[in-house]
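Working notes, beginning with the structure itself.
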Number of protein chains: 4
Amino acid sequence: MKALVYLGPGLKRIEDRPIPEIQAPGDAIVKVVKTTICGTDLHILKGHVATCAPGRILGHEGVGVVDSVGAGVTAFHKGDRVLISCVSSCGKCESCRRGMYSHCTSGGWILGNEIDGTQAEYVRTPHADTSLYPIPEGADEEALVMLSDILPTGFECGVLNGKVAPGSTVAIVGCGPIGLATLLTAQFYSPAQIIAIDLDDKRLEVAHRFGATHLINSKDGKAAQSVKTLTNGRGVDTAIEAVGIPATFALCQELVAAGGVIANIGVHGEKVDLHLERLWSHNISITTRLVDTVSTPMLLRTVQSGKIDPTRLITHRLKLDQILEAYDVFGRASETGALKVIIST
Amino acid sequence: MKALVYLGPGLKRIEDRPIPEIQAPGDAIVKVVKTTICGTDLHILKGHVATCAPGRILGHEGVGVVDSVGAGVTAFHKGDRVLISCVSSCGKCESCRRGMYSHCTSGGWILGNEIDGTQAEYVRTPHADTSLYPIPEGADEEALVMLSDILPTGFECGVLNGKVAPGSTVAIVGCGPIGLATLLTAQFYSPAQIIAIDLDDKRLEVAHRFGATHLINSKDGKAAQSVKTLTNGRGVDTAIEAVGIPATFALCQELVAAGGVIANIGVHGEKVDLHLERLWSHNISITTRLVDTVSTPMLLRTVQSGKIDPTRLITHRLKLDQILEAYDVFGRASETGALKVIIST
Amino acid sequence: MKALVYLGPGLKRIEDRPIPEIQAPGDAIVKVVKTTICGTDLHILKGHVATCAPGRILGHEGVGVVDSVGAGVTAFHKGDRVLISCVSSCGKCESCRRGMYSHCTSGGWILGNEIDGTQAEYVRTPHADTSLYPIPEGADEEALVMLSDILPTGFECGVLNGKVAPGSTVAIVGCGPIGLATLLTAQFYSPAQIIAIDLDDKRLEVAHRFGATHLINSKDGKAAQSVKTLTNGRGVDTAIEAVGIPATFALCQELVAAGGVIANIGVHGEKVDLHLERLWSHNISITTRLVDTVSTPMLLRTVQSGKIDPTRLITHRLKLDQILEAYDVFGRASETGALKVIIST
Amino acid sequence: MKALVYLGPGLKRIEDRPIPEIQAPGDAIVKVVKTTICGTDLHILKGHVATCAPGRILGHEGVGVVDSVGAGVTAFHKGDRVLISCVSSCGKCESCRRGMYSHCTSGGWILGNEIDGTQAEYVRTPHADTSLYPIPEGADEEALVMLSDILPTGFECGVLNGKVAPGSTVAIVGCGPIGLATLLTAQFYSPAQIIAIDLDDKRLEVAHRFGATHLINSKDGKAAQSVKTLTNGRGVDTAIEAVGIPATFALCQELVAAGGVIANIGVHGEKVDLHLERLWSHNISITTRLVDTVSTPMLLRTVQSGKIDPTRLITHRLKLDQILEAYDVFGRASETGALKVIIST
């Protein structure tokens with residue numbers, strides 16, 4: 001089968017690989033129908049993800065059709081159309097039982113990282129019963145690809161952790177795909193203000209179309225001041241970090257109101273400064289989270305009921321044999337305007 | 001009247017001052033019966049608290065007897081015995097209405113800071129109806145002095161923010177008075193392990209008597225390792241920072257388990273490093289808080305019902321005219337073993 | 001001044017009354033600009049509210065202009081435009097401090113009940129600082145009349161107590177004004193299904209326009225069955241009782257899914273059957289609540305930000321000297337289609 | 001093997017039965033070491049549990065040793081010592097994933113009800129990976145038998161649902177084994193008052209030894225009045241129904257304070273009156289629950305750390321071949337003083 005393989009920092013190519021096989025009773029083999037590329041895949045390609053060894057098939061998102069299942073799988077059968085979660089969850093360990101699937105002792109984010117992933121014609125998914133979701137009759141499969149990772153990440157790490165609430169004020173720092181996924185799902189809770197902050201006016205324009213009530217280009221270094229003005233000097237109830245660098249985390253510390261939350265989504269490569277000399281008395285919380293995908297069933301219901309349209313995140317559609325081009329389009333997002341690129345097999 | 005006055009960095013003396021008078025309809029004048037010294041008073045004396053100007057009468061804790069009340073006070077009358085909260089709360093502003101009294105727009109921690117405090121024969125308390133608490137018949141007034149600040153601080157900033165729960169594991173980094181107050185109130189929730197960490201064996205010994213299940217002297221730099229051993233490699237559900245320096249906050253980041261909380265109590269004078277390059281995916285929360293004293297009524301009930309004995313924190317008892325000696329005893333705590341020093345008028 | 005006075009069961013008339021005067025330091029006298037009629041006013045007129053004595057000026061909703069304030073009032077001044085909360089809150093008692101203003105020891109729902117109300121040219125409002133809300137510049141005052149009672153009631157008793165959540169299923173039993181207010185505010189949380197249930201097709205039609213996703217006329221006695229069909233046999237996560245009779249409460253018990261909530265809003269005149277022989281093992285909650293109006297500041301923000309348009313509840317507009325006609329229109333709602341009737345002075 | 005078999009209303013006997021065998025990949029066969037009798041077993045014997053057919057081996061509590069496991073079981077192996085949960089949980093269905101194991105679509109309370117139970121030498125346990133718990137080295141196995149059902153039931157249905165909190169007031173109506181299990185676990189949260197109510201002075205005496213702060217014999221019909229006196233007229237924050245009849249549920253409605261909770265534990269055989277004509281405005285919650293046993297890991301930690309001693313509930317110890325005598329002792333609890341009877345194989 002065709003597969004996109006990571007070959008070491010800066011290196012990737014399409015290879016021909018054997019179709020994966022059941023290795024454990026809980027496994028399923030899924031024929032991939034649609035997959036996509038994540039910002040994390042770019043991190044891997046930069047050599048920043050130590051757990052991902054050269055030779056790995058990338059990809060942790062997608063929808064497909066079950067091709068075979070192990071002896072212990074009871075919820076799925078050959079032919080079932082399924083959503084593949086980016087997080088594998090055994091359903092049995094202490095982390096899984098408390099809903100923290102990301103720290104499953106035999107799962108977590110392993111697809112396209114510690115084991116081969118979805119940017120291929122077939123993928124082996126461990127713990128299938130608790131890591132795949134049946135696709136409802138008539139569902140839009142491209143929409144559901146957005147439920148593998150980006151929507152639950154925005155929702156769980158940004159919106160839920162950030163305690164977005166009716167009438168509250170939210171700042172989203174960084175309007176790339178994950179910031180926009182947060183923006184879409186933040187509206188489940190009807191905040192009064194959603195302030196989108198980015199350096200790129202085109203991205204801010206997209207944020208505006210996606211529901212941001214205020215836009216701030218932070219190029220001039222006055223974003224904190226602008227937010228204070230918009231919030232009568234209070235700052236925001238929820239500051240969402242959706243970039244992953246010290247500067248944006250620093251900005252969030254300036255934006256957050258007393259009693260508020262800084263919800264970190266960004267994948268950070270270095271330590272940041274935390275200004276406890278000022279914040280110790282501000283009654284704030286800072287949260288971090290690797291998505292658990294506990295919200296996937298709920299997100300499926302909101303998609304099915306039309307409360308959210310995840311296809312708004314999709315800007316490009318390509319075939320699996322064009323995946324190198326897809327990576328190129330996605331990697332040059334500031335020029336191409338790419339958000340999510342659907343790759344069909 | 002006699003009063004302990006801050007005169008600038010390193011300077012204090014007992015002065016004779018006029019008895020304070022009602023300035024606003026919500027004020028009460030309280031004759032102080034017992035007060036105490038807080039670590040924050042030492043911060044002020046080092047010149048670290050910019051809001052506190054020379055000439056200020058220090059002190060924000062105490063019990064007393066109402067001497068007079070302003071026209072707007074309805075809940076208290078001359079002769080009522082009262083507990084004075086370290087935080088003044090108007091009860092009307094948005095912060096007060098959401099229970100965040102520490103950020104009251106016309107109150108917060110002002111006593112012995114922005115206005116004259118309790119280390120005197122009399123004190124003016126603004127917003128008396130919502131900042132004083134009636135002392136129940138038969139209550140131990142020395143015990144209640146511990147409810148002005150130290151117990152609610154330990155409980156709200158450490159225990160509540162830290163989500164201490166039955167069967168959970170807690171590490172308290174720093175076993176000074178505030179760490180010990182946290183230790184006492186953490187036991188309201190029956191955690192399975194309370195690991196006390198300090199550099200001073202004498203303090204650890206006190207922690208043991210107060211209910212710590214494990215003691216770690218962190219002098220050898222192996223505290224994180226020891227905690228991992230005690231928790232089967234997981235780390236603690238709740239790491240409580242009760243010192244206020246970068247090193248102890250760093251230790252908390254090493255101790256906290258995935259899904260856990262770092263609850264900061266310490267008053268920090270400088271920024272700290274936050275290792276988001278590791279913690280971004282650990283599903284943790286970091287909380288900060290200036291005590292709100294919302295838990296004071298609850299703490300009163302636990303004291304009255306014998307669930308907690310705050311007098312265990314009291315090591316010395318002196319008279320107001322010995323307050324310079326009291327400061328000395330309290331300031332040399334490592335030698336004197338002082339925790340809280342009761343000062344009677 | 002003109003005022004609508006309750007004279008005993010079935011009896012009311014417009015009387016000329018003296019303008020009220022300040023009685024306590026916390027009082028304000030408010031010149032009423034707009035008021036409205038509540039279903040509870042009809043209950044009083046039937047003689048069902050024992051606390052309301054003949055001779056009482058009715059009304060507990062409205063907006064107005066502050067005419068004078070008592071010595072203890074600090075937040076409002078003559079000329080301020082204010083929203084009058086149906087619940088008076090002292091801000092000081094234990095109930096108020098925990099956010100349960102409805103059980104304020106010197107307030108609660110007293111306006112137009114235990115003391116004279118708002119269906120008059122002027123009203124005395126006790127505890128003004130904590131029972132009035134400033135009207136933001138440029139706000140639609142008719143919209144804000146809906147924030148005195150009906151919107152916070154629907155939101156707090158129905159939506160908050162009912163734990164309405166993104167992707168969840170909600171049934172609203174009874175589509176009168178309060179059921180519709182619940183329907184409007186339930187959408188703050190983006191449930192997947194909102195099933196409106198009533199006996200009157202016209203009301204169901206209104207519910208549809210207001211956002212109900214499914215309509216059930218329960219005349220045929222098969223509502224529970226229809227709900228089961230709509231929810232794949234599960235029942236609803238939230239069943240909201242917005243009528244106040246045994247039959248509708250019984251229906252809610254049939255509708256609620258395991259793990260769900262029955263949120264009672266209805267004012268009941270008699271006991272109901274609770275089928276614990278079936279429900280003891282269903283992991284449900286049943287909640288009751290007299291509105292606390294703690295959500296008023298939040299609702300103001302959602303109105304100001306355009307997240308909700310409360311004027312959709314207003315069907316008629318009359319002058320104070322037409323208030324008997326207004327009562328007639330409101331009392332014959334099934335014929336007149338009346339929801340809320342704005343009465344201007 | 002020997003087994004206690006239900007033969008229809010009023011009928012039971014010890015029979016010789018074949019050792020059960022693995023039927024599904026998730027099954028385990030456990031050699032029972034210790035089991036016990038539950039009040040629910042008496043309900044079955046009265047013919048009140050329709051799901052339990054004659055011929056059923058009773059019992060849903062116990063500890064044992066794994067004898068064999070199905071192909072899909074990964075967490076347990078032959079020879080492992082295990083605690084058997086009264087609730088079987090598949091870990092995969094929507095109910096299990098939200099922590100409501102009691103409503104597992106292929107599990108729930110089935111042991112000794114819909115399938116053969118633990119009052120036998122061996123038992124087949126479905127969904128073994130997520131329904132058994134490893135017994136920690138050195139644990140007291142008799143103590144752990146109390147964790148199969150009675151302690152999680154008291155804790156989850158009574159204490160957690162009842163929101164018992166530090167400084168709060170609790171009334172426990174009914175001091176049989178389940179009321180006492182609630183009493184023991186309520187103390188995890190340090191309430192200020194725990195008022196035990198029963199008709200039997202001997203049981204009240206036990207409640208006193210177990211930590212009740214006040215005792216009320218409700219024989220005189222004045223329990224509500226006594227509780228009001230003890231709580232300054234407020235009533236209790238948490239009223240726990242631990243009997244299961246209309247009279248005790250009625251009493252809870254009289255006891256509960258505004259803002260409080262009635263947590264139902266009792267298994268009810270008939271409907272009860274709910275006085276909404278009074279309670280609609282009292283801001284209360286009423287909760288029901290079939291134990292989910294989600295708290296079992298936490299309870300294990302509290303037992304291991306010595307925070308609770310469940311063996312206090314054990315009054316008698318007998319062998320499996322004396323189980324008819326054990327039923328007799330347990331059934332005549334008011335004479336024998338039996339709480340829990342340990343049955344060893």
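All chains are named by letter (A, B, ...) in the order of the sequence lines, taking the proteins before the strands, and each is independently numbered beginning at 1. Hydrogens, waters and symmetry mates play no part in the numbers below; they use all other heavy atoms, side chains included.
In terms of heavy-atom pairs under 4.5 Å with chain D, the best-connected choice from A/Pro25, A/Gly70, A/Cys93, A/Ser89 is A/Ser89. No other option in D/Gly26, D/Ala71, D/Gly91, D/Gly99 has as many heavy-atom pairs under 4.5 Å with chain A as D/Gly91.
No more than 12 heavy atoms of other residues, nucleotides or ligands shown are found within 6.0 angstrom of NZ on A/Lys163.
Of the two parts of A/Arg97, the backbone and the side chain both hold a non-hydrogen atom closer than 4.5 Å to a non-hydrogen atom of chain D.
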